[in-house]
Amino acid sequence: MSKFWSPVVRDLIPYVPGEQPRERLIKLNTNENPYPPAPGVGQVLRDYPTDHLRLYPDPESRALREALAREHGIEADQVFVGNGSDEVLALAFQAFFCQERPLSMPAITYSFYPVYCRLYGIDYRTLALGDEWQVPLEAFDAQSGGIVFANPNAPTGHGHDRDAIAALLERVTECVVLIDEAYVDFGGESAIPLIQQYPNLLVTGTFSKSRSLAGLRLGYAIGSRELVEGLERVKNSFNSYPIDSLANAAGVAALEDREHFEACREKVITTRERTRRQLERLGFEVLPSQTNFMLTRHPEHDAAQLFAGLRERGILVRHFNTEALRDFLRISIGTEDEMISLIEALEALCR
Ligand SMILES: *Cc1c(COP(=O)(O)O)cnc(C)c1O
């Protein structure tokens, strides 16, 4: 605590990201992709004319927005880009959720959302998840100041299909519905086609998970022109150049390589399902997942102890010390070999 801090800063409870260890561990704690980005990304970075770094980047990141628009069959002015989707989410909270009425979100979802609420002084309400750990879409109040959730949700892994999202949007028309699709490429169904019909739908996405570019920091939002314009107003009041020139070019290269993208995500999905069966054989309960992670618990073994035992064996997973999640481990999907090591370690720990 410092007397120099603004009052709002004294009350912040910042988000705590998963550890980035210095030692070499099998890292299954922050849902990074175990496979390298598209080869074209390396090519772009190697060939980049460094003299161009004298100049400011394109403040509108047109090349990247056009590439995302082509990818999703929409127009570039329906795309907003930012320095990671965390930044895009922060700008969206400020652009749309600073309202009289409270924001609604599930009680278990990405834990960054309440952090933004504190930062911007947004009042919010939470809804308990359903019996199958699903986001209870029918329980969202149409009179909310806004609605936000991840789909598929984190850290539970459950996703709703597009029809379910459309039903929500038929009912909720007077506030922004923000759907965070950070994990959609691993088996979810994207709501992006619905933006043409519902001007209050904003969908965010990231290059960090399915494009293997967490270190580059690229995220985006897709929605109606009026929502994109709202985001641009906030962004241009904060930082005109969130996407540097290298990231702009590398992001385009990543989008161009569809084959690499498909191959990586299929490997992740195959490994996920194989690992699920192996965990179940060891007695773990594993929540169904449409993502690149699994939430799992063992009826006889304490999650905190398993976490510590794995760490001793050089494997880092995520344990959330909250009441709802204390019994669970969240395990990111690594390579086939990494997951074999995980299963061997858990076998030893559960014996
Ligand atoms: C990883 C993650 C993000 C953040 O992605 P960045 O683009 O790396 O900032 C956003 N939402 C959810 C639910 C995530 O898990």
Side-chain angles (χ1 to χ4, degrees), residues 14-20 27-34 37 41 61 64-65 68 79-93 97 105-117 119 126 129 133-135 147-160 165 177-188 190-192 202-222 231 235 239 242-244 247-248 250-251 254-255 265 268 272 287 289-295 317-318 320 325 328 330-334:
Y15 176 75
V16 184
E19 185 185 346
Q20 293 294 347
K27 194 170 175 304
L28 308 175
N29 69 328
T30 51
N31 301 339
E32 289 142 330
N33 199 306
V41 171
S61 305
L64 182 58
R65 287 169 55 215
L68 279 162
V79 182
F80 178 83
V81 290
N83 187 236
S85 62
D86 286 342
E87 182 187 82
V88 175
L89 288 164
L91 297 173
F93 272 57
F97 294 154
M105 68 177 82
I108 300 176
T109 190
Y110 189 33
S111 54
F112 224 136
Y113 307 149
V115 175
Y116 299 131
C117 288
L119 177 62
T126 62
L129 295 189
W133 297 83
Q134 78 275 29
V135 174
I147 290 173
V148 62
F149 58 94
N151 192 50
N153 197 18
T156 52
H158 175 277
H160 285 289
I165 302 298
V177 176
L178 172 48
I179 303 184
D180 178 348
E181 293 190 348
Y183 298 104
V184 74
D185 294 327
F186 300 106
S190 177
I192 289 173
L202 190 71
V203 177
T204 59
T206 178
F207 285 64
S208 298
K209 312 303 176 18
S210 60
R211 305 270 174 190
S212 307
L213 287 171
L216 197 67
R217 311 307 301 130
L218 279 180
Y220 53 91
I222 291 178
L231 287 167
K235 172 229 155 197
N239 177 4
I243 311 290
D244 63 73
N248 203 8
L255 289 169
R265 77 164 168 189
V268 168
R272 177 184 74 206
L287 269 56
S289 170
Q290 298 178 16
T291 65
N292 67 338
F293 59 81
M294 289 179 298
L295 197 63
V317 299
R318 192 93 193 253
F320 299 95
L325 297 174
F328 289 90
R330 191 197 67 189
I331 304 175
S332 309
I333 306 303

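Everything numeric here is computed off the predicted structure, so don't read it as measured data. When a ligand or atom number is given, it counts from 1 through the structure's own listing order.
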Inset, instruction - Applying ring pair (Phe, Tyr, Trp, His ring centres under 6.0 Å), name anything that partners Phe80, two or more places apart in sequence or on another chain. - result: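 By the ring pair (Phe, Tyr, Trp, His ring centres under 6.0 Å) rule, Phe80 matches no residue at all.
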
Inset, instruction - Report the residues that fulfil ring pair (Phe, Tyr, Trp, His ring centres under 6.0 Å) with Phe320, sequence neighbours left out, ordered by chain and then residue number. - result: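 For Phe320, no residue satisfies ring pair (Phe, Tyr, Trp, His ring centres under 6.0 Å) once neighbours in sequence are set aside.
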
Legend entry - Sorted by chain and number, the residues that approach ligand 1 to under 4.0 Å with a heavy atom: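 For ligand 1, the contacting residues are Gly84, Ser85, Asp86, Tyr110, Asp180, Ala182, Tyr183, Thr206, Ser208, Lys209, Arg217.
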
Inset, instruction - Fit a plane to each ring of Tyr15 and Tyr110, take the angle between them on a 0 to 90° scale, and name the class: parallel (under 30°), tilted (30 to 60°) or perpendicular (over 60°). - result: perpendicular

Inset, instruction - Please name the pair of heavy atoms, one in Leu64 and one in Gly251, separated by the smallest distance, quoted to 0.1 Å. - result: CD1-C, 3.8 Å

Legend entry - Partners passing side chain to side chain donor-acceptor pair (under 3.5 Å) against Glu32 (at least two apart in sequence or in another chain): Gln20, Lys27, Thr30

Inset, instruction - Please check if the side chain of Glu181 supplies one atom and the backbone of Val203 the other of a donor-acceptor pair under 3.5 Å. - result: no

